[in-house]
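Report on the following structure.
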Amino acid sequence: MDVRGEVLTTAVLRAWARTALSELGRARVEIDELNVYPVPDGDTGTNLYLTWEAACDALPAGNLTFAEAVQAFGRGALLGARGNSGVITSQLVRACGLRLAENLPPEQETSNGVLADARMSEAAAFADALVFAADAAYSAVAQPVEGTMLTVARRAGEAALEAANAGKSLAEVCLAAVAAARVALTKTTEQLEVLRRAGVVDAGGAGLVVILGAMESVLSGRAPAATSGVPARVAPQELVGAAGTDLDPDGPAYEVMYLLEAPDEQITDFRKQLAGMGDSVVVVGGDELWNVHVHTDDVGATIELGIGIGRPYRIRVTHFADMAHREPVPNRAVIAVAAGDGLADLFEESGAVVVRGGPGRRCSTGELLKAIERSGAPEIVILPNDSDSIAVAEAAATAARQDGIRVAVIPTRAQVQGLAAIAVHDPERSFDDAVVQLSAAAGQTRHGAVTIAVKDAWTMAGTCRIGDALGVVDGDFSLITDDLETAATGVVDRLLGGGGELMTVVTGREVEAGLVDAVVRHVRRIRRDVDVVVYDGGQERYPLLIGVE
């Protein structure tokens, strides 16, 4: 939808939300690399992205008034805020939205498309909201520091107000805010000694410039710039001996965050008491729901303080020492359940984080959650590669989403479907596009296998006896024969009966000599147009796994 020239409406909010999320995703790594204050843990860009994504996810589809939309968006940011910068951003977003909803009338347009009975022009309302939001953010921080995103927010608001008073249009007011924010960002290096010595601008401020720039892009109709616009660090050699690039051994050891249900009137005293237990104290929210952030050495005391006035929940504790020297993490990680050593190698070579599974060793929700945590990525795709593991993967995904991580489970029911999916994964695609792409690749892969019956049993193909060769097609036993070669060629015939261009054969730990050659010869005889690739999977119980794409 083209929203150029429109007043502030739900459509504009939605467009801004999507554009800012995309731009924060592009700039995430660059902003992470700027992060030296208040703690050099390299996660500001990631935290801002996750906070904004939570706000976007909370914005319902359908027809909403502007007031309803900004309320939902602000609440989503509050509930999903991550890190010091994310919590402050949630306050800026929530306060700005609520102020706009107060100053703008209901969305009732006249015949010429102009809002009727406006209490304040859109340009003036926007400028007033930016000033109000900056004041609210300063108030939420126990000890505000200049040279941070607070300073950037205030300068943006001041410039917007000046432009609005000069009679500028909404887009021009937003442009003035962005320009002032960029200038303020460059000056943060001069305002904070830790930034000057590290040769960087404030990471949170850089994120705020990206967010404001997305709004200007929406209102003006100009596409976002080819580059993120995040200022680069100085040359590495100039950083030698720089202070602020390592954790302060005398500083707080932990970051504590939690949501708190508590009376509004008790928050001022609560914030003051919390400031006595640590630093980087930020408490934002309202209407008896608050997001609490503090850096401290006494985790228990900060949580008990919350218990004293209300109900803390969704508690997250991060040990800074564990994060100080971590490697940069990707935007997205693919987690694959592998049934054998060779399969694990194949998935790892394709860039996946591997969790071991397979017959007799089902992976657990806990193992998947540990893999998600180990990856450190804000976006996760899980390939369970087994019908029985899909429910486990969904449970892990639900738990991870509570921590603000975006997770999708591709319902791969076989190892070969997982291999087909990860083969087409492009980390540069958007999350939604990647999920569609991987799902399509998995869904277009028919799968089969051969095994030996270990007990007498009734199957879809009839009754089998111990020692019978069994052929499996798309998860169901479809063949009972005397030998594995007959079972394997029968499975191939059924899989190729639906068409196909590529066959993948994965050999198991107990594969018989000559079985693979027999399968390949059979394919060459009946379908010369089909390419065959063979991998050593090392899985148990199934001498062959077969996939056809």
Side-chain angles (χ1 to χ4, degrees), residues 17-33 35 41-57 80 82-83 86 207 210 224 228 230 323 326-338 344 346-355 363 365 367-385 389-390 392-412 417-443:
R18 291 191 302 268
T19 303
L21 183 64
S22 175
E23 292 304 290
L24 285 172
R26 271 209 304 162
R28 183 184 71 83
V29 174
E30 296 169 87
I31 296 174
D32 280 345
E33 291 174 348
N35 180 200
D41 47 0
D43 63 356
T44 293
T46 298
N47 286 337
L48 286 171
Y49 179 86
L50 292 174
T51 300
W52 200 263
E53 183 181 52
C56 291
D57 289 344
R82 300 286 291 265
V210 169
S228 67
V230 174
M323 304 176 66
R326 66 183 182 184
E327 295 296 319
V329 299
N331 276 326
R332 183 182 311 132
V334 178
I335 296 175
V337 179
L346 290 171
F347 282 115
E348 286 177 345
E349 288 168 5
S350 298
V353 177
V354 170
V355 174
C363 68
T365 300
E367 288 176 307
L368 289 173
L369 286 172
K370 287 181 181 178
I372 291 172
E373 181 180 0
R374 189 167 69 249
S375 76
E379 297 177 352
I380 299 291
V381 175
I382 303 179
L383 303 174
N385 301 334
S389 297
I390 293 176
V392 174
E394 291 287 4
T398 299
R401 290 180 190 121
Q402 297 299 313
D403 287 332
I405 301 173
R406 194 174 189 183
V407 188
V409 177
I410 310 297
T412 48
Q417 285 189 317
L419 291 174
I422 199 166
V424 301
H425 179 238
D426 180 358
E428 297 302 317
R429 284 180 175 266
S430 70
F431 183 79
D432 291 336
D433 285 348
V435 170
V436 171
Q437 185 184 39
L438 270 66
S439 297

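Quick note: residue numbers are just sequence positions, from 1. Quantities reported herein were computed from a predicted structural model and do not represent experimental measurements.
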Side chains of R406 and D432 in contact at under 4.5 Å (non-hydrogen atoms) = yes
request  = Taking side chain to side chain contact (heavy atoms under 4.5 Å, CB included) as the test, write out the residues that go with T365, two or more places apart.
outcome  = L369, V392, A395, A396
task = Would you check if the side chain of E394 reaches a backbone N or O of V409 as a donor-acceptor pair within less than 3.5 Å?
result = no
ask   = Given F431 and V381, is the side-chain contact (heavy atoms from CB on, under 4.5 Å) satisfied, shown in steps?
value = CA-CA 9 Å; F431 183 79; V381 175; 4.2 Å; yes
query = Does a salt bridge link R26 with E23, judged by any charged N lying under 4.0 Å from a carboxylate O?
reply = yes
task = Taking S22 for its side chain and R18 for its backbone only, find out whether a donor-acceptor pair lies under 3.5 Å.
result = no
query = Where do W52 and A20 come nearest, in terms of heavy atoms and distance?
reply = NE1-CB, 3.4 Å
ask   = Under a 4.5 Å cut-off applied to non-hydrogen side-chain atoms, are I382 and I372 in contact?
value = yes
ask   = When rounded to the nearest 0.5 angstrom, what is the spacing between OG1 in T44 and CD in E30?
value = 14.0 Å
note = By side-chain hydrogen bond (donor to acceptor under 3.5 Å, both in side chains), D426 pairs with (sequence neighbours left out) none
task = Quick one: pull up CD in E53 and CD in E379 and give me the separation to the nearest 0.5 Å.
result = 6.0 Å
remark   = Rounded to the nearest 0.5 angstrom, the CG-CD1 distance for L368 and I335 is 6.5 Å
CG on L383 to CD1 on I410, rounded to 0.5 Å = 6.5 Å
ask   = Which atom names give the shortest non-hydrogen contact between A344 and V354, and what distance separates them?
value = O-CG2, 3.6 Å
task = For the residue pair T412 and V337, establish whether any side-chain heavy-atom pair is separated by less than 4.5 Å.
result = no
task = Please assess I422 against L346 for the test side-chain contact (heavy atoms from CB on, under 4.5 Å), listing each intermediate value before the final yes or no.
result = CA-CA 10 Å; I422 199 166; L346 290 171; over 6 Å; no
task = Check whether any side-chain N or O of N385 sits under 3.5 Å from a backbone N or O of A336 as a donor-acceptor pair, and report yes or no.
result = no
request  = Verify, without hydrogens or angle tests, whether Q417 (side chain) and A442 (backbone) share a donor-acceptor contact under 3.5 angstrom.
outcome  = yes
query = Taking atom CD of E348 as the centre, does the number of heavy atoms from other residues, nucleotides or ligands within less than 6.0 Å exceed 12?
reply = yes
ask   = Atom CG of L24 and atom OG1 of T46: how far apart are they, to the nearest 0.5 Å?
value = 10.5 Å
note = For A421 and A441 the tightest heavy-atom approach is CA-CB, 4.0 Å
